[in-house]
Protein chains: 2
Amino acid sequence: MVSKLRQDITAKSKSAGGALGGLRMTRQRKLVYDVLLDERDHPTATEVFIRSKARMSSISLATVYNCLETLSAAGLVKQVNVGRDASRYCPNLAEHAHFVCVKCEKVYDIGLKCNEEVESVWALPEGSRIDHLEVAMKGLCAECNGGDKRSGKMEEQV
Amino acid sequence: MVSKLRQDITAKSKSAGGALGGLRMTRQRKLVYDVLLDERDHPTATEVFIRSKARMSSISLATVYNCLETLSAAGLVKQVNVGRDASRYCPNLAEHAHFVCVKCEKVYDIGLKCNEEVESVWALPEGSRIDHLEVAMKGLCAECNGGDKRSGKMEEQV
DNA sequence: TTGATATCAAGAATTATTCTAAATAAAGAT
DNA sequence: ATCTTTATTTAGAATAATTCTTGATATCAA
């Protein structure tokens, strides 16, 4: 189902096939997905709604939530949570963490270093199955960190 | 201020000293902290409220939120966020991640492997300062994972 | 075209959390 | 011990993000 929807979206086909409950590629879902692809600044649902509404005035906030949920479940989009802030959405499917600057509030994607694995640093319990991992960081981005050029060490927080 | 409050709590002194706005060690703060220490199962604010109310019937939910906020700001307690669920609270100050079993809903603390550092795997942007990092995992814990004994590889999610 | 079903839209409802304002309690000074 | 000042508590109202509900609409397969 995941790849089915993606295939259909990227291929701009009209249908997601009848399989698995029959996900449909609707104008709204396509629009919401396009909005995310067009400006990859990790918008909130409301921001996506505003941008979507500019292109399709009839779309509703509830629909935007529905579409974001569907796209996330389908694996096309990632829901980004940092603390208790409103969820943000991101079409970057590569494994990455998120970093929010507490000053300018921009959200940055942080990629893995080459040949590294996130799991490698954690003492995961034997026998468990991890199928979702979310890494969120907060701090000052390079621009806002102005004077201090060192890539400072973290505080004790986890 | 952080260490001041901790010192006073652990020493069971009556005051947090006049420094830095004068944090006071009140019965409510002590109680909320004790509740967290007594049962380290990552309760939500409401759960902390229920447990606290059993020992001090006059305490209010707003106060519990206040205390949890104060204790977190003081560094005695960590606020744990996994996805959009209600925040949970944890008195474990060691660097660790959180793992929530999607079946039994238990929250586990995941420690770092020896000599590993979280930051080491991420390509952090030059010049930025990270001062908070939160790592949340979801999956099936060993018990709930029953049959499959492999510590399974993660899916693509981050 | 038509029937079955998925999806949409609008607004109500829910939930966690924060805010407000008056009452209370703590710490230091008298 | 009492007084004063200021932090904190309390209860309830307010807020904000998200989910739910329901009737209308769009889409797919036949």
Side-chain angles (χ1 to χ4, degrees), chain A residues 1 4-5 8-9 12-33 42-50 52-53 55-74 77 79-89, chain B residues 1 4-5 8-9 12-33 42-50 52-53 55-74 77 79-89:
Chain A
M1 150 198 167
K4 199 79 187 88
L5 183 54
D8 291 327
I9 285 187
K12 290 160 186 72
S13 117
K14 301 183 98 179
S15 151
L20 257 159
L23 277 184
R24 290 171 185 171
M25 183 35 52
T26 61
R27 291 191 306 135
Q28 288 85 347
R29 284 174 183 168
K30 179 93 176 48
L31 171 57
V32 165
Y33 188 51
H42 305 85
T44 62
T46 302
E47 285 161 351
V48 172
F49 171 59
I50 292 169
S52 298
K53 190 132 185 139
R55 305 199 210 167
M56 183 192 290
S57 62
S58 64
I59 202 168
S60 75
L61 179 57
T63 297
V64 169
Y65 271 104
N66 283 340
C67 294
L68 290 170
E69 152 67 24
T70 303
L71 293 168
S72 299
V77 155
Q79 186 177 27
V80 178
N81 295 297
V82 180
R84 300 243 87 241
D85 298 345
S87 289
R88 298 176 169 275
Y89 297 86
Chain B
M1 152 198 168
K4 200 78 187 89
L5 182 52
D8 291 327
I9 285 187
K12 288 158 187 76
S13 117
K14 302 185 96 180
S15 151
L20 257 157
L23 278 184
R24 290 170 185 173
M25 182 36 50
T26 62
R27 291 189 309 133
Q28 289 84 348
R29 284 175 183 167
K30 179 93 175 48
L31 172 56
V32 164
Y33 187 51
H42 306 85
T44 62
T46 301
E47 284 161 352
V48 172
F49 170 58
I50 291 169
S52 299
K53 190 129 185 142
R55 304 198 211 169
M56 182 193 288
S57 63
S58 65
I59 203 169
S60 75
L61 179 57
T63 298
V64 169
Y65 271 104
N66 284 341
C67 294
L68 290 169
E69 153 67 24
T70 303
L71 293 168
S72 299
V77 155
Q79 185 176 28
V80 178
N81 295 296
V82 179
R84 298 246 88 238
D85 299 344
S87 289
R88 296 174 170 278
Y89 298 86

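Naming convention: chains lettered A, B, ... in sequence-line order (proteins, then strands); numbering from 1 in each chain. Just the heavy atoms: all of them, side chains too, but no hydrogens, waters or symmetry mates, feed the values below.
Checked by distance alone, R27(A) brings no side-chain donor or acceptor within 3.5 Å of a matching partner on the base of dT7(C). Counting atom types as modelled, R24(B) pairs no side-chain N or O with a base atom of dT8(D) as donor and acceptor under 3.5 Å.
At whole-Å resolution of the value, CE in M56(A) and C1' in dT7(C) are 12 Å apart. Put simply, CG on L68(B) is 10 Å from P on dT18(C), counting in whole angstrom units. Following rounding to the nearest Å, Q79(A) (CD) and dT19(D) (P) show an atom-to-atom distance of 8 Å. If you measure from atom CG of L71(A) to atom C1' of dT7(C), you get 13 Å, rounded to the nearest angstrom. Distance CG (N81(A)) to P (dA17(D)): 13 Å, rounded to an integer number of Å. The distance from atom CZ of R88(A) to atom P of dT18(D) is 10 Å, rounded to the nearest whole Å. The CG atom of L23(A) sits 16 Å away from the C1' atom of dA29(D) (whole-angstrom rounding). To the nearest angstrom, P of dA16(C) lies 10 Å from CD of E47(B).
For A86(A), taking side-chain heavy atoms from C-beta onward, the closest of the listed nucleotides dT10(D), dT17(C), dT18(D) is dT18(D). Considering only side-chain atoms of Q28(A), the nucleotide from dC8(C), dT6(D), dT9(D) that sits closest is dC8(C). Across dT9(D), dA17(D), dT17(C), the shortest atom-to-atom separation from the side chain of C67(B) is found for dT9(D). The listed nucleotides are dC8(C), dT17(C), dT6(D); the one nearest the side chain of L61(B) is dT17(C). Checked against dT17(C), dT18(D), dC8(C), the side chain of N66(A) finds its nearest nucleotide in dC8(C). Side chain of S87(A), nearest nucleotide from dT27(D), dT18(D), dA9(C): dT18(D).
No contact: T44(B) has no heavy atom under 4.0 Å from any strand. Residue T46(A) is out of contact with every strand shown, counting any heavy-atom pair closer than 4.0 Å.
Taking 4.0 angstrom as the limit, Y65(B) places none of its side-chain polar atoms (N or O) nearer than this to OP1 or OP2 of dT18(C). Here R84(A) reaches the OP1 or OP2 of dT17(C): one of its side-chain N or O atoms lies under 4.0 Å away. In this model, the phosphate group of dT9(D) is not approached by any side-chain N or O of S60(B) to a distance below 4.0 Å at OP1 or OP2. Put simply, T26(A) has a side-chain N or O that comes within less than 4.0 Å of OP1 or OP2 on dC8(C). Proximity of R29(A) to the phosphate of dT7(C): a side-chain N or O atom is located under 4.0 Å from OP1 or OP2.
When the nearest nucleotides of DNA chain C are assigned to E69(B) and A62(A) by heavy-atom distance, the more 5′-ward of the two goes with A62(A).
Axis angle, first five pairs versus last five pairs of the helix from dT1(C)-dA30(D) to dT30(C)-dA1(D): 40°, rounded to 10°.
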